[in-house]
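For reference, the structure discussed in these notes is given below.
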Amino acid sequence: MAEQHAEGDAGRAHSPERSAVRTVTVTARSDGQRLDNFLLRELPGVPKTRLYKALRKGEIRVNKGRAKPGQRLSEGDSVRLPPLHQPARRKPPPVPWYWADRLAGRIVLEDDDLLVVNKPAGLAVHGGSGVDLGLIECLRQVRPQGRELELVHRLDRDTSGLILVARRPRVLRELHAQLRGDGVEKVYLALVAGRWPRGLSEVDAPLEKQARASGERVVRVAAAGRRSVTRFRVVERFRNATLVEARPLTGRTHQIRVHALHAGHPLVGDVKYQGEREAALAEAGGLDRLFLHAWRLRFTLGDPPRAYDLEAPLDEELERFLEGLRN
């Protein structure tokens, strides 16, 4: 865990707020972690907006200097934490039996370094924003010996498929470094509405997060956004839909979903981005979830390197939907 001590000179009177300032030393567990993610763990319950404001104002500092949310921390760094209001910690609710039972049957691989899970649709990867329990909280409860389990990457709540969970800080750092480059190959299976164009194998369109008038957060293609690239390959064609492989070369929020929309072929079952055509197709086949599945992960890990090539088959409800399209 992080080492902590209070700031202040001996013998000097302090206000309650001043005496609550802490300095945290980054340990091996957090080496290579983004500063904003580190803060979310060290200051649970503090809203993200307040954390970002504290960073902008210089209230939070790294090695006595100003820092940005995306800055990567190193073991031994000193992080100054101001006294920010934190609600009393609540004991997380117990894992519902149906999630514990489903997860037990969806472990794809487990070794000394990794736990790989075929995440079911409908389960968030972590708690927060009104979600008491996510995948990582469930895993830590059902495997109490694995309190150090950490998510390597994320999937949308409505997306099923492979997700990596590190069992050692060294593994987490190594995979994060690979994800920042091209060391991890991710392949998704997605069903898009209509006939995907034969000549369209790549969508290169910048993405940025926006807010609708209702306050709902969405992602849009925008010139001022961050560069985002997805490669597509047709797997199977149907009368009014196409099953495609999608390989995101960058890791933006909702990237596959918005790039498919940008190409004119939204994902079937995507309530956030679909139109009437896609909604009607999903309803006719009894599909009540997003048709997006993290199917395959390929990477190497360790020294000497060990090659991983992992697959998770489509969930039964997705296979049934495809069979309906074939008939």
- Between Lys53, Arg66, Arg50, which is the residue that forms a salt bridge (Lys or Arg N to Asp or Glu O under 4.0 Å) with Glu59?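 With Glu59 as partner, salt bridge (Lys or Arg N to Asp or Glu O under 4.0 Å) holds for just one option, Arg50.
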- Message: Among Arg320, Arg102, Arg106, which residue satisfies the salt bridge (Lys or Arg N to Asp or Glu O under 4.0 Å) criterion with Asp315?
- Response: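 It is Arg106, the one option of Arg320, Arg102, Arg106 that forms the salt bridge (Lys or Arg N to Asp or Glu O under 4.0 Å) with Asp315.
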Can you find a heavy atom in the side chain of [X] that is under 4.5 Å from one in the side chain of [Y]?
X	Y	result
Val26	Ser74	no
Arg34	Arg72	yes
Asp112	Arg168	yes
Lys186	Leu297	yes
Leu51	Leu84	yes
Ser201	Arg233	no
Val229	Glu202	yes
Leu191	Leu267	no

Determine, using the 4.5 Å side-chain heavy-atom cutoff (strictly less than), whether [X] and [Y] are members of one ILVMFWY cluster.
X	Y	value
Phe38	Leu40	yes
Leu287	Ile256	no
Leu189	Leu249	no
Leu243	Leu200	no
Val108	Leu135	no

Should [X] and [Y] count as an ion pair when the cut-off is N to O under 4.0 Å?
X	Y	result
Arg167	Glu150	no
Asp270	Lys272	no
Asp36	Lys48	no
Asp111	Arg306	yes
Glu323	Arg326	yes

Distance check, rounded to the nearest 0.5 Å: [X] atom [atom1] versus [Y] atom [atom2]?
X	Y	atom1	atom2	value
His293	Tyr188	NE2	OH	10.5 Å
Asn118	Ile163	CG	CD1	10.5 Å
Asp31	Asp77	CG	CG	8.5 Å
Arg61	Thr23	CZ	OG1	12.0 Å
Leu73	Leu35	CG	CG	5.0 Å
Trp295	Leu310	CH2	CG	12.0 Å

Please check: side-chain N/O of [X] versus main-chain N/O of [Y], any donor-acceptor pairing under 3.5 Å?
X	Y	result
Gln274	Gly269	yes
Glu110	Val116	no
His265	Ala260	no
Glu42	Leu39	no
Lys119	Leu155	no
Gln255	Arg252	yes
Thr242	Trp196	yes
Arg296	Ala312	no
Glu174	Val171	no
Arg237	Val234	no

Closest approach of [X] and [Y], non-hydrogen atoms and distance?
X	Y	result
Ala166	Val152	N-CG2, 3.6 Å
Ala193	Val268	N-CG2, 4.0 Å
Val62	Gln71	CG1-NE2, 3.6 Å
Asn240	Leu325	OD1-CD2, 4.1 Å
Leu172	Leu151	CD1-O, 3.5 Å
Ala241	Leu281	CB-CD2, 4.0 Å

- Please confirm whether Tyr273 and His254 have ring centers closer than 6.0 angstrom.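 Here the rings of His254 and Tyr273 have centres that are less than 6.0 Å from each other.
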Does [X] [atom1] have over 12 foreign heavy atoms under 6.0 Å away?
X	atom1	result
His153	NE2	yes
Arg227	CZ	no
Glu276	CD	no
Glu319	CD	yes
Asp309	CG	yes

Exercise: do [X] and [Y] side chains pair donor with acceptor under 3.5 Å:
X	Y	answer
Glu75	Thr27	no
Asp113	Tyr308	no
Thr250	Arg226	no

- Query: Going through the checks in order, is the side-chain contact (heavy atoms from CB on, under 4.5 Å) test met by Leu162 and Val117?
  - Reply: CA-CA 6 Å; Leu162 293 172; Val117 181; over 6 Å; no
- Query: Can you check side-chain contact (heavy atoms from CB on, under 4.5 Å) on Ile136 and Leu149, steps first, answer last?
  - Reply: CA-CA 7 Å; Ile136 192 64; Leu149 294 174; 4.0 Å; yes
- For side chain to side chain donor-acceptor pair (under 3.5 Å), just list the numbers for Arg41 and Ser30, CA-CA rounded to whole Å, side-chain angles, deciding distance to a tenth of an Å, and then say yes or no. CA-CA 10 Å; Arg41 190 180 71 219; Ser30 302; 2.4 Å; yes
- Task: May I ask you to check if Arg289 and Phe291 form a cation-pi contact, with NZ or CZ under 6.0 angstrom from the six-membered ring centre and within 45° of the axis?
- Result: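 Judged by the rule (NZ or CZ under 6.0 Å from the ring centre, within 45° of its axis), Arg289 is not positioned above Phe291.
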- Task: Carefully, step by step, assess Leu139 and Leu115 under the rule side-chain contact (heavy atoms from CB on, under 4.5 Å).
- Result: CA-CA 10 Å; Leu139 290 174; Leu115 184 63; 4.1 Å; yes
- Task: Let me see the working for Thr253 and Leu207 under side-chain contact (heavy atoms from CB on, under 4.5 Å), right down to the final yes or no.
- Result: CA-CA 9 Å; Thr253 300; Leu207 300 177; over 6 Å; no
